[in-house]
Amino acid sequence: MAKDQNKPTPTLTGDDGRKVIIELQNVKRSFKVGDEVVHALKGVSFKVYEGEFVTIMGTSGSGKSTLLNQLGCLDTPTSGEYFLDGVAVRKMSKQQRAKLRNRKIGFVFQNYNLLPKTTAVENVELPLMYNSNYSAKQRREAAVTVLKEVGLGSRLEHKSNQMSGGQMQRVAIARALVNNPAVILADEATGNLDTRTSFEMLVLFQKLHAEGRTIIFVTHNPDIANYSSRNIFLRDGRICSDTPNTNIQSAQEALDNLPKDDDDVCIPMADCPNY
């Protein structure tokens, strides 16, 4: 049988030999609202390479949330192709996408999404419950290891109501890491945190990036762009810019320079109305 010349194929490596983790080829997503068709994504194409720390930014209505759902395998394109670690996603069933999502993506949400009556270890174990390769003992060992990695070795048995917002987000990051995913997908991961705790989380994300983790950080806050390696801006369902960050700032340095008692101090942020 002749090979289908029109069948899209993934790019496995870039020109510099880096592995391609995510590839979107002219992805479009439309929704019918009443009698109208809303074109949320209008032909989005880009690649994310292994070890990149990418921010995806845009104002309300830019298509950012729709793109997040595509990247997270929570939805599929109306047309175009999405490849996750070389696997074509668009024609997968919901069950197939759920399995791929569990194996390949670690999610970090703005609202943490922790189970309230369970311990930090139990929350982190959750993604492994769907992985038959792990026994109960192995699940716990893996959960303890990543909780220690994110600085929560002393909070293993604490429940959500016994932890601060920053600690809960560390649990969420540990949960994202426990399956050793191809990519960490963070959705407004500092959105519910105060300035100091936000920088603490950025320190942790930069540490993970330095260790070779692939991170996509979706946010409305352009200040985050100072701390990632590449920045993609969306506007009206299209990419309006995609640029490397040639001057990555240190989140640790920014954290160290915060006033010691900053309760009454407004720290300038790019999304602050007075900035």
Side-chain angles (χ1 to χ4, degrees), residues 3-14 18-32 37-58 62-110 113 126-133 172 175-189 212-219 228 230 232-234 237-239 242:
K3 184 178 179 181
D4 183 356
Q5 299 297 321
N6 295 319
K7 184 179 179 181
T9 57
T11 305
L12 300 179
T13 58
R18 289 185 298 169
K19 182 179 180 181
V20 177
I21 299 297
I22 277 176
E23 180 175 8
L24 279 75
Q25 297 180 357
N26 196 31
V27 165
K28 298 179 182 180
R29 186 65 173 100
S30 301
F31 303 95
K32 191 167 184 180
V37 176
V38 177
H39 301 286
L41 295 177
K42 303 174 183 178
V44 173
S45 300
F46 63 86
K47 301 181 184 74
V48 175
Y49 297 91
E50 189 172 44
E52 282 196 294
F53 181 178
V54 180
T55 52
I56 295 179
M57 291 163 284
S62 63
K64 190 169 76 273
S65 296
T66 303
L67 178 57
L68 175 69
N69 288 337
Q70 302 295 320
L71 296 173
C73 296
L74 300 169
D75 189 21
T76 52
T78 303
S79 64
E81 294 293 334
Y82 170 35
F83 297 97
L84 173 58
D85 205 12
V87 178
V89 174
R90 186 167 69 92
K91 293 184 179 180
M92 280 186 164
S93 67
K94 287 186 178 180
Q95 185 176 1
Q96 288 172 323
R97 281 190 282 123
K99 185 175 181 179
L100 182 69
R101 189 164 60 239
N102 177 259
R103 298 290 192 273
K104 296 291 186 179
I105 302 173
F107 288 94
V108 183
F109 300 99
Q110 179 176 354
N113 286 12
L126 190 60
L128 300 180
M129 300 290 287
Y130 306 97
N131 192 332
S132 59
N133 294 326
R175 183 182 57 193
L177 293 171
V178 75
N179 239 353
N180 193 28
V183 61
I184 298 169
L185 187 56
D187 179 17
E188 299 284 6
R213 298 279 186 175
T214 306
I215 301 167
I216 298 178
F217 198 115
V218 180
T219 181
S228 62
R230 176 181 164 199
I232 296 175
F233 285 85
L234 285 180
R238 293 186 173 91
I239 293 176
D242 182 351

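What's counted below: heavy atoms across the whole structure, side chains too, no hydrogens, waters or symmetry copies.
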Output the distance between atom NZ (Lys99) and atom OH (Tyr130), rounded to the nearest 0.5 Å. 14.5 Å
CZ on Arg97 to CD1 on Ile105, rounded to 0.5 Å: 10.5 Å
Polar contact flag, side-chain donor to acceptor under 3.5 angstrom, Glu23-Thr11: yes
Main-chain N/O of Ser30 paired to Thr78 side chain as donor or acceptor, under 3.5 Å: yes
Check step by step if side chain to side chain contact (heavy atoms under 4.5 Å, CB included) holds for Val89 and Leu100. CA-CA 9 Å; Val89 174; Leu100 182 69; 3.8 Å; yes
Does any part of the side chain of Ile239, heavy atoms only, come nearer than 4.5 Å to the side chain of Leu234, both counted from C-beta? yes
Counting only heavy atoms not in Lys42, do more than 12 sit closer than 6.0 Å to its NZ atom? yes
ring-ring contact (aromatic ring centres under 6.0 Å, His included): pairs with one or both residues in residues 63-106, sequence neighbours excluded: none
Among Thr219, Ile232, Asp187, which one satisfies side chain to side chain contact (heavy atoms under 4.5 Å, CB included) with Ile56? Ile232
Side chain to side chain, Leu41 and Leu67, heavy atoms closer than 4.5 Å: yes
Quick one: does Val27's side chain get under 4.5 Å of Phe46's, heavy atoms only? no
Got more than 12 heavy atoms from elsewhere within 6.0 Å of CZ, Phe31? yes
Keeping the roles fixed (side chain from Asn179, backbone from Pro181), state whether a donor-acceptor pair exists under 3.5 Å. no
Please determine whether a side-chain nitrogen of the Lys or Arg among Arg90 and Glu81 lies less than 4.0 Å from a carboxylate oxygen of the Asp or Glu. yes
Can you name the nearest heavy-atom pair linking Gln96 to Lys91, along with the distance? OE1-O, 4.5 Å
Under the side chain to side chain contact (heavy atoms under 4.5 Å, CB included) rule, what do Leu126 and Met129 come out as? Steps first, then yes or no, please. CA-CA 5 Å; Leu126 190 60; Met129 300 290 287; 4.3 Å; yes
When you measure from the side chain of Arg175 to the backbone N and O of Asn113, does any donor-acceptor pair fall under 3.5 Å? yes
Side chain to side chain contact (heavy atoms under 4.5 Å, CB included) assessment of Lys64 paired with Val218: CA-CA 8 Å; Lys64 190 169 76 273; Val218 180; 3.3 Å; yes
Show your working on salt bridge (charged side-chain N to carboxylate O under 4.0 Å, His left out) between Arg103 and Asp85 and close with a plain yes or no. CA-CA 11 Å; Arg103 298 290 192 273; Asp85 205 12; over 6 Å; no
Among Asp75, Thr66, Asn69, whose side chain to side chain donor-acceptor pair (under 3.5 Å) with Arg29 holds? Asp75
Distance from Ile216 atom CD1 to Phe53 atom CZ, nearest 0.5 Å? 11.0 Å
Would you check, one step at a time, whether the test side chain to side chain contact (heavy atoms under 4.5 Å, CB included) holds for Thr13 with Val20? CA-CA 5 Å; Thr13 58; Val20 177; 5.6 Å; no
Which value, rounded to the nearest 0.5 Å, describes the distance between Leu24 atom CG and Ser45 atom OG? 7.0 Å
What residues form a side chain to side chain donor-acceptor pair (under 3.5 Å) with Asn180, not counting sequence neighbours? Arg213
What closest approach, in Å, do Pro10 and Gly86 show between heavy atoms, and which atom pair accounts for it? CG-O, 3.7 Å
Indicate yes or no for a side-chain donor-acceptor contact from Lys104 to the backbone of Ala182 under 3.5 Å, with no hydrogens or angles considered. no
Okay, side chain of Arg101, backbone of Cys73: is any donor-acceptor separation there less than 3.5 Å? yes
Find the distance between CZ (Phe107) and CD1 (Ile184) and round it off to the nearest 0.5 Å. 12.0 Å
State, yes or no, whether a side-chain contact exists between Gln70 and Pro77 at a heavy-atom distance under 4.5 Å. yes
Sidechain-backbone polar pair: Thr55 side chain, Ser228 backbone, donor-acceptor under 3.5 Å: no
Which of Ile22, Leu68, Val108 passes side chain to side chain contact (heavy atoms under 4.5 Å, CB included) with Leu185? Answer is Leu68
